[in-house]
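Only one structure is covered here, and it is reproduced in the block below.
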Amino acid sequence: MSKRKNTTSSIPSKTPKHWSLGLIASMKDPNSIIKNTEKVVVIKDKYPKAKVHYLVLPHEEINSIYKLNKSHISLLEEFGNIFKELKEENESELRAGFHAIPSMQRMHMHVISTDMISTSLKTKIHWNSFCTKFFIPYDELLQELKDIGNIRKIPSELHTSLMKTPLQCNQCSFKPKNMPELKDHLLKHQLL
DNA sequence: GTTCTAGAAC
DNA sequence: GTTCTAGAAC
């Protein structure tokens with residue numbers, strides 16, 4: 001047996017060329033897939049920010065919510081049906097929505113429980129991505145698509161200010177001074 | 001999006 | 001001295 005090291009040229013890499021393509025790879029990974037229908041795939045978020053955290057993605061190559069038009073309304077209604085199914089299958093209270101400025105390619109809807117208890121929840125940006133207006137609820141996105149036929153981008157200064165929003169508990173009026181204090185506080189809500 | 005870690009904050 | 005945040009990653 002040769003102990004020769006594997007070279008990069010001899011290993012077919014499963015790693016995407018760029019991190020922003022990671023979801024497109026996960027859509028094909030049987031270990032990640034929760035549901036797979038004609039129009040959409042549901043996968044587990046690789047770095048869940050709460051006890052329950054799924055992503056719903058279309059098979060259609062829609063890069064982001066900013067590529068949507070009125071022809072996609074029926075697809076979005078399918079997203080709503082999937083959300084309803086997931087709520088029926090889970091004990092936890094779930095929310096569905098989209099990040100105003102997503103980091104990963106392929107349009108995706110987050111379905112996430114309100115507990116926000118997870119070791120992968122680490123930074124203020126993580127928190128503010130789900131607990132400020134940076135998180136666009138499913139119903140609001142669908143309504144905007146029906147009303148004006150597309151999704152309007154948020155101004156970059158609004159993005160900056162949302163990410164700098166002081167920490168605020170999503171379940172009460174408590175304003176933690178840092179992330180460890182917030183995470184400790186969230187555990188107390190879980191006991192009630 | 002995450003990881004790593006310098007240096008700010010405590 | 002330790003905890004915590006925030007910017008670079010070729």
Side-chain angles (χ1 to χ4, degrees), chain A residues 7-9 11 13-35 40-68 79 82-83 86 94-138 141 151 153-170 174-188:
Chain A
T7 61
T8 49
S9 57
I11 304 172
S13 178
K14 281 189 178 177
T15 307
K17 289 201 165 136
H18 190 264
W19 56 263
S20 70
L21 299 169
L23 296 182
I24 293 166
S26 294
M27 285 174 73
K28 302 175 206 157
D29 175 9
N31 294 324
S32 299
I33 297 172
I34 296 290
K35 284 178 188 286
V40 309
V41 178
V42 182
I43 62 173
K44 293 179 286 189
D45 193 295
K46 192 175 178 184
Y47 298 93
K49 303 306 187 295
K51 287 187 171 180
V52 178
H53 189 180
Y54 303 123
L55 299 177
V56 184
L57 308 97
H59 287 298
E60 190 180 341
E61 291 180 11
I62 302 168
N63 199 47
S64 82
I65 55 174
Y66 299 105
K67 301 291 185 185
L68 294 171
F79 273 45
I82 294 288
F83 177 39
L86 291 169
L94 303 180
R95 304 185 291 144
F98 303 80
H99 285 160
I101 300 178
S103 297
M104 308 289 277
Q105 296 186 51
R106 185 60 59 94
M107 169 198 172
H108 55 281
M109 180 174 78
H110 293 270
V111 174
I112 187 167
S113 56
T114 54
D115 51 84
M116 299 304 283
I117 293 173
S118 170
T119 55
S120 295
L121 178 71
K122 295 175 178 177
T123 71
K124 188 175 191 174
I125 288 172
H126 291 156
W127 183 259
N128 284 339
S129 294
F130 289 96
C131 300
T132 67
K133 287 186 172 177
F134 188 82
F135 188 84
I136 305 169
Y138 165 77
L141 187 114
I151 303 304
K153 290 192 178 178
I154 66 167
S156 64
E157 59 269 25
L158 176 58
H159 175 222
T160 303
S161 71
L162 287 173
M163 288 304 114
K164 287 181 176 173
T165 304
L167 296 174
Q168 165 69 65
C169 177
N170 63 332
F174 182 60
K175 292 173 170 55
K177 66 174 183 293
N178 56 36
M179 286 301 295
E181 193 171 284
L182 171 58
K183 290 173 69 69
D184 184 61
H185 172 82
L186 291 168
L187 289 173
K188 291 173 189 166

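Reminder, nothing fancy here: chain letters follow the sequence lines and each chain counts from 1.
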Checklist entry - For A:Q105 and B:dG1, what is the distance between atoms CD and C1' respectively, to the nearest whole Å? => result 12 Å

Checklist outcome for this item: Note, DNA chain C 5' to 3' with Watson-Crick or G-U pairs under 3.5 Å encoded as ( ), [ ], | and . gives |||||||||.

Item to check | Rounded distance in Å - CZ (A:R106) to P (B:dG1) | outcome: 18 Å

Checklist outcome for this item: Which of A:L57, A:V40, A:V42, A:I33 passes side-chain contact (heavy atoms from CB on, under 4.5 Å) with A:M27? It is A:L57

Next on the checklist: Please report the distance, rounded to the nearest Å, between NZ in A:K124 and P in C:dA6.
Outcome noted: 6 Å

Checklist entry - Is a side-chain donor or acceptor of A:N170 paired with a backbone partner of A:C131 at a separation under 3.5 angstrom? => result no

Between the protein and nucleotides 3-5 of chain C, which nitrogen or oxygen pairs come in under 3.5 angstrom?
| from | atom 1 | to | atom 2 | distance (Å) |
| --- | --- | --- | --- | --- |
| C:dT5 | OP1 | A:M179 | N | 3.1 |

Checklist entry - Counting any heavy atom closer than 4.0 Å, what does A:K164 reach on the DNA or RNA strands: base, sugar-phosphate only, or nothing? => result nothing

Item to check | Side-chain N,O (A:H126) to OP1/OP2 (B:dT2) below 4.0 Å | outcome: yes

Checklist entry - Would you say B:dG1 has OP1 or OP2 under 4.0 Å from some side-chain N or O of A:H99? => result yes

Next on the checklist: Can you tell me how far apart OG (A:S103) and NE2 (A:H108) are? Round to the nearest 0.5 Å.
Outcome noted: 7.5 Å

Next on the checklist: Give me the atom names and distance for the closest heavy-atom approach of A:I24 to A:R106.
Outcome noted: CG1-CB, 3.8 Å

Item to check | Heavy-atom donor-acceptor pair, A:R95 side chain to A:Y138 backbone, under 3.5 Å | outcome: no

Checklist entry - To the nearest 0.5 Å, how far apart are CE in A:M107 and CG in A:L23? => result 12.5 Å

Next on the checklist: Nearest whole Å is fine: how far is B:dG1 P from A:H18 NE2?
Outcome noted: 13 Å

Checklist entry - Nearest 0.5 Å, what's the CE-CG distance between A:M104 and A:D45? => result 8.5 Å

Checklist outcome for this item: Rounded to whole Å, CD1 of A:I101 lies from C1' of B:dG1 at a distance of 14 Å

Checklist outcome for this item: A:H159 meets the ring pair (Phe, Tyr, Trp, His ring centres under 6.0 Å) criterion, sequence neighbours left out, with A:F134

Checklist entry - Once you round to the nearest 0.5 Å, how far does CD1 of A:I136 lie from CD1 of A:I154? => result 7.0 Å

